[in-house]
Undergrad: 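Below: one structure in structure tokens.
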Amino acid sequence: MKTRTVAGAVDPESIARWENEGGDIRQRAIPGLNTRVEYLYRDAANGRSFGAVVFRGSATPEQLRRLRAALISSDLLFADQVGLASLAPWRRGEAVYDENLDHEYHELVWPPRATTVEPIAPVTTIQAFLRRVERRARDNWGQRVSSEVIPW
């Protein structure tokens, strides 16, 4: 069987060498991989829009735990507050805002996953994204969470 090397792909021998030197692949970022974060906008009528962004660097299990802890109800965020594009159709000019259905919440598809071949968000690392999310969580997401009800 012939194998093909993809640009940016992880070399299995380097992972094996790293593990032999005492590295635990489950507890650390994987060299050469990036992190794909998928998210969606779901209105109160269950209409959905999907998006994804790829951050430089592989997320560690600890970073994923911290990310989940900083999200609203374990999987929600305000995309515009952390540098993600809004997927709300009314924000993109594809629909008119309906106060009975629409809101600002976006849902993170869990878990983010490792990837190698997709384009990377401009100079943004998974660590920088995590810091943005944690900073907004410390600020109670701009006080928007306490006054809004999750629509579903």
Side-chain angles (χ1 to χ4, degrees), residues 1-92 94 102-142 144-145 148 150-152:
M1 177 185 216
K2 199 172 188 182
T3 60
R4 183 169 67 94
T5 303
V6 177
V10 176
D11 173 17
E13 290 177 21
S14 66
I15 290 178
R17 189 170 44 254
W18 183 45
E19 288 177 323
N20 288 337
E21 293 170 359
D24 182 349
I25 203 75
R26 295 165 302 178
Q27 297 301 317
R28 300 176 72 178
I30 302 171
L33 289 184
N34 298 310
T35 303
R36 178 183 171 92
V37 174
E38 296 176 355
Y39 64 111
L40 68 106
Y41 173 82
R42 180 188 344 213
D43 66 22
N46 210 22
R48 300 175 186 192
S49 301
F50 296 87
V53 64
V54 177
F55 295 108
R56 187 175 314 284
S58 172
T60 66
E62 173 61 16
Q63 288 171 324
L64 294 178
R65 184 199 64 73
R66 288 173 44 204
L67 179 60
R68 188 146 215 182
L71 296 172
I72 305 159
S73 299
S74 302
D75 62 354
L76 301 176
L77 52 76
F78 296 110
D80 61 325
Q81 290 187 12
V82 293
L84 298 178
S86 176
L87 302 174
W90 55 273
R91 284 272 189 200
R92 296 189 322 241
E94 298 170 1
D102 294 319
H103 53 83
E104 293 284 348
Y105 290 98
H106 285 69
E107 182 178 341
L108 207 67
V109 177
W110 205 259
R113 57 192 174 98
T115 186
T116 59
V117 294
E118 296 179 82
I120 299 169
V123 298
T124 303
T125 64
I126 188 63
Q127 294 87 351
F129 178 67
L130 173 60
R131 283 193 302 271
R132 282 183 188 173
V133 172
E134 287 179 326
R135 189 174 25 235
R136 297 311 299 161
R138 280 192 302 274
D139 186 33
N140 196 28
W141 291 91
R144 289 158 86 174
V145 176
E148 292 188 17
I150 298 171
W152 55 87

Undergrad: If you take all heavy atoms of Ser49 and Pro89, which pair is closest and at what distance?
TA: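 Answer, listing the atom of Ser49 first, then Pro89: OG-CG, 3.8 Å.
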Undergrad: Taking all non-hydrogen atoms of both residues into account, name the closest pair between Glu38 and Ala52 and its distance.
TA: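 Closest approach of Glu38 to Ala52, heavy atoms only: CG-CB, 3.9 Å.
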Undergrad: If the plane angle is over 60° it's perpendicular, under 30° parallel, otherwise tilted; pick one for His106 and Tyr41.
TA: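 If you compare the ring of His106 with that of Tyr41, the planes turn out tilted.
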Undergrad: With distance as the sole test, does Arg68 use its side chain to make a donor-acceptor pair with the main-chain N or O of Ser74 at under 3.5 Å?
TA: yes
Undergrad: Please determine whether side-chain contact (heavy atoms from CB on, under 4.5 Å) holds for the pair Leu76 and Tyr105, giving the CA-CA distance in whole Å, both sets of side-chain angles, and the decisive distance to 0.1 Å.
TA: CA-CA 6 Å; Leu76 301 176; Tyr105 290 98; 4.0 Å; yes
Undergrad: Step by step, work out the side-chain contact (heavy atoms from CB on, under 4.5 Å) result for Trp110 and Leu67.
TA: CA-CA 11 Å; Trp110 205 259; Leu67 179 60; 4.0 Å; yes
Undergrad: Please evaluate residues Arg92 and Leu87 with respect to the criterion side-chain contact (heavy atoms from CB on, under 4.5 Å), reporting the C-alpha separation (whole Å), side-chain torsions for both, the decisive distance (0.1 Å), and the verdict.
TA: CA-CA 7 Å; Arg92 296 189 322 241; Leu87 302 174; 3.8 Å; yes
Undergrad: Can you confirm whether Tyr39 sits close enough to Asp75 that some side-chain heavy atom of one is under 4.5 Å from a side-chain heavy atom of the other?
TA: no
Undergrad: Do Arg66 and Leu130 have side-chain heavy atoms sitting under 4.5 Å apart?
TA: yes
Undergrad: Less than 4.5 Å apart, any side-chain heavy atom of Ser86 and any of Asp80?
TA: no
Undergrad: Looking only at heavy atoms, what is the nearest atom pair of Gln127 and Arg56, with distance?
TA: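 Gln127 and Arg56 have their closest heavy atoms at OE1-O, 4.2 Å.
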Undergrad: Roughly how far, to the nearest 0.5 Å, is the CG atom of Asn34 from the CZ atom of Arg113?
TA: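 It comes to 12.5 Å.
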Undergrad: Considering non-hydrogen atoms only, spot the tightest contact between Ala59 and Ile126 and give its length.
TA: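 Looking at all heavy atoms of both residues, the shortest contact is CB-CG1, 3.9 Å.
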Undergrad: So, using side-chain contact (heavy atoms from CB on, under 4.5 Å) as the criterion, who are the partners of Arg132 when residues are at least two apart?
TA: Val82, Arg135
Undergrad: So, for Ser58 and Gln63, which heavy atoms are closest and what is the spacing to 0.1 Å?
TA: O-OE1, 3.9 Å
Undergrad: Between Pro112 and Val37, what is the shortest heavy-atom contact and its length?
TA: CB-CG2, 4.1 Å
Undergrad: Evaluate Arg48 against Asn46 for side chain to side chain donor-acceptor pair (under 3.5 Å), listing each step before the verdict.
TA: CA-CA 6 Å; Arg48 300 175 186 192; Asn46 210 22; 3.2 Å; yes
Undergrad: Could you work out, with side-chain contact (heavy atoms from CB on, under 4.5 Å) as the rule, every residue matching Ala45, not counting sequence neighbours?
TA: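 So Ala45 forms a side-chain contact (heavy atoms from CB on, under 4.5 Å) with Asp43, Leu101.
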Undergrad: List in chain and number order the residues that pass salt bridge (Lys or Arg N to Asp or Glu O under 4.0 Å) with Arg131, two or more places apart in sequence or in another chain; answer none if no residue qualifies.
TA: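 With neighbours one apart ignored, the set is empty.
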Undergrad: Under the side-chain contact (heavy atoms from CB on, under 4.5 Å) rule, what do Val53 and Thr124 come out as? Steps first, then yes or no, please.
TA: CA-CA 10 Å; Val53 64; Thr124 303; over 6 Å; no
